Protein chains: 2
Amino acid sequence: MTKLTSLKSEKRLLDRRAADQIRSHILEGVLPAGERLLETQLSEELEVSRGTVRSALAQLANEGLVQQVAFTRWEVSGTSTVDAWEIYTLRGALEGLGARLAAANVSETDGMRLRAIADDLLHAIREGRFQDATGIDFDLHAAIIELARHERLAEQHRFIVQQVRFHMVQSGFLPNDYEELIAEHKALIEAVIAGDADRAEKLARNHNDAEVKLLAKLLKQGGSAKPIREKAS
Amino acid sequence: MTKLTSLKSEKRLLDRRAADQIRSHILEGVLPAGERLLETQLSEELEVSRGTVRSALAQLANEGLVQQVAFTRWEVSGTSTVDAWEIYTLRGALEGLGARLAAANVSETDGMRLRAIADDLLHAIREGRFQDATGIDFDLHAAIIELARHERLAEQHRFIVQQVRFHMVQSGFLPNDYEELIAEHKALIEAVIAGDADRAEKLARNHNDAEVKLLAKLLKQGGSAKPIREKAS
DNA sequence: TTTTGCTTGATTGTCAGCAATCAGCAAACA
DNA sequence: TGTTTGCTGATTGCTGACAATCAAGCAAAA
């Protein structure tokens, strides 16, 4: 008899699965910013009741992907330049902490794992598979965070990375210097492996600085805080 | 005519208000860790339907105050030493970022406001009103975060501070050296007012270090990860 | 022409009831 | 006597229907 696996993962609550579906539609850009979401329509498409859809939307609102105008409407959130600046600065702080803790915990096998992922990333870029590269990039950062053995940090990180993806989809934001990206990753994981907490933290934080500075500059000159859609106050 | 204020704040949705009530009961220690929460009982006490209670509990679960065992029960979460370590390390990272940004934004009047709050704190401690002092302490940190003009950071900070309160209620955790507390605050706000971002960040992060070190030590020797209540995996 | 008040259709907020699931206990069995 | 199996009461998950609210359009008044 083959080993049995828990059914619990299958038996995810209906509202969670509804949220999963809507979330992936949003993150794939099928539902653009500002798109109105009707509870009845979603409930018909997903073949669940409105209450269940409602619960799903509430979750997505917590994740910042959707916003609610009470008694009136749900809509897909828009990410402005200000939002992007917030997302990247927060990411820097979280990954800084993560890298610091990871450097304190790292083992031999962990180090090999990190190098392997970095290698994957290198190949993806060299072969021009930039879509894959983006995913592997996120994986690498997630792997470092995992080493921190910090559940809350990991959760916040998943959350903020999701917002990064969200922003990238909406704005078409992409890295513009892949060689530098590779070099930065290399330096970061070597610092982690070497157990140099201070350096690892610093590198992790600097890793977002290019984007942050660009965004800060845009904010100063442009001033158009919410180009995509006005946020309800 | 006096300035009119939006009625929207009054017209909070029922589930939010239900969450508010349950939340304050938890944060005041009326509902201790591990306490079972029955949907029907809560719905009777709050005089709302079970669905509304359910929505409220889902919110509190997102905030980490409550946890759900699917198909079985809701219960008040317990905070272990590991949890406390996570909370304080995260707080350090967030307040570090906040202090750094605040130092870059601070104005004359902001500085006066900070000094006024610090003064309140000093008086509360000198007069032995330690309950008040704790509240003012939180206010001071929140005021610094507010200067960062960073909506997401502010939200995460509210969230983590709430967890700090939660842990303090459950464990009876209290500052043990109020003089040092005052000195640290003084140094921090002066660094912010001086616009010294590096120093402000460093001081904000060090501010939690005493607790973090104590907790790390407890973890190493004790090893009892979850003294209050086992977390569902 | 602009403002005000009303009506209406659509949408969200809330409720009460049915279905699915679980923990605990008692009977049956070895 | 210890273990398994089936039942039962209790509790959560989900649904459909009703109530509250809103925006939009139109007509009457200013």
Side-chain angles (χ1 to χ4, degrees), chain A residues 1 4-23 26 31 34-62 65-77 229-233, chain B residues 4-23 26 31 34-63 65-77 229-233:
Chain A
M1 176 161 105
L4 295 178
T5 168
S6 167
L7 290 176
K8 263 201 175 164
S9 44
E10 294 286 340
K11 201 195 280 175
R12 301 204 52 201
L13 263 25
L14 219 43
D15 57 347
R16 313 287 173 95
R17 287 193 285 170
D20 290 344
Q21 292 237 7
I22 303 172
R23 185 187 300 110
I26 293 176
L31 296 168
E35 180 85 353
R36 183 167 190 182
L37 299 172
L38 295 182
E39 294 181 357
T40 45
Q41 183 184 328
L42 289 172
S43 89
E44 279 176 24
E45 290 180 17
L46 296 169
E47 297 183 283
V48 294
S49 93
R50 251 190 64 224
T52 305
V53 168
R54 211 150 207 307
S55 171
L57 289 174
Q59 286 179 245
L60 297 178
N62 269 316
L65 299 185
V66 148
Q67 55 194 146
Q68 178 181 33
V69 183
F71 291 103
T72 308
R73 57 192 296 156
W74 296 88
E75 62 190 28
V76 178
S77 298
R229 174 161 277 270
E230 191 67 20
K231 206 189 239 174
S233 60
Chain B
L4 294 179
T5 169
S6 168
L7 291 177
K8 266 202 175 159
S9 44
E10 294 287 340
K11 202 193 281 176
R12 302 206 53 201
L13 263 25
L14 222 42
D15 57 347
R16 314 288 173 94
R17 286 193 284 170
D20 290 344
Q21 292 236 8
I22 302 172
R23 185 188 299 110
I26 293 176
L31 296 169
E35 179 87 353
R36 182 167 192 184
L37 300 172
L38 295 182
E39 294 181 356
T40 44
Q41 184 184 331
L42 289 171
S43 90
E44 279 175 25
E45 290 181 18
L46 297 168
E47 295 182 286
V48 293
S49 94
R50 250 189 67 224
T52 305
V53 168
R54 211 155 206 309
S55 171
L57 288 175
Q59 286 179 244
L60 297 178
N62 269 316
E63 297 172 18
L65 299 185
V66 149
Q67 55 193 141
Q68 177 180 32
V69 184
F71 293 104
T72 308
R73 57 192 294 156
W74 296 88
E75 63 190 29
V76 178
S77 299
R229 173 161 277 269
E230 191 67 17
K231 206 190 239 173
S233 57

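We name chains A, B, ... by the order of the sequence lines, and we start the count at 1 in each one. Worth saying up front: this structure is predicted, and the values here are computed from it rather than measured.
- When heavy atoms are screened at a 4.0 angstrom cut-off, A/Arg36 is found touching the sugar-phosphate backbone but no base atom.
- Nearest heavy-atom pair across A/Ala56 and A/Asp15 is CB-O, 3.5 Å.
- Spacing between atom CD of A/Glu44 and atom P of C/dA10 amounts to 14 Å, rounded to whole angstrom units.
- Atom CG of A/Leu38 and atom P of C/dA10 are 12 Å apart (whole Å).
- Protein atom CG of B/Leu46 is 14 Å distant from nucleotide atom C1' of C/dT14, rounded to whole Å.
- Relative to the side chain of A/Arg50, the nucleotides D/dT15, D/dA17, C/dC15 differ in distance, and D/dA17 lies closest.
- In this structure, A/Ile22 and A/Leu65 have side chains that are not in contact, with every pair of non-hydrogen atoms separated by 4.5 Å or more.
- A/Leu42 places its CG atom 13 Å from the C1' atom of C/dT12, with the value rounded to the nearest Å.
- Between A/Phe71 atom CZ and C/dT14 atom P the separation is 6 Å, expressed in whole Å.
- A salt bridge does not link A/Asp20 to A/Arg17: none of the charged nitrogens lies less than 4.0 Å from a carboxylate oxygen.
- Applying the salt bridge (Lys or Arg N to Asp or Glu O under 4.0 Å) test to B/Arg50 and every residue at least two apart in sequence or in another chain returns B/Glu39.
- The distance from atom CG of B/Leu13 to atom P of D/dA20 is 14 Å, rounded to the nearest whole Å.
- The separation between B/Trp74 atom CH2 and D/dT11 atom P is 16 Å, rounded to whole Å.
- Rounding to whole angstrom units, CD of residue A/Gln68 and C1' of D/dT21 are separated by 13 Å.
- Looking at which nucleotide of DNA chain D each of A/Gly51 and A/Thr72 is closest to, the 5′-most match is held by A/Gly51.
- One finds no side-chain N or O of B/Thr40 lying less than 4.0 angstrom from the OP1 or OP2 phosphate oxygen of D/dT11.
- For A/Ser49, counting side-chain heavy atoms from C-beta on, the closest listed nucleotide (C/dT21, C/dT11, D/dC14) is D/dC14.
- Within the 4.0 angstrom heavy-atom criterion, only backbone atoms of the sugar-phosphate kind lie near A/Leu37; the bases stay farther away.
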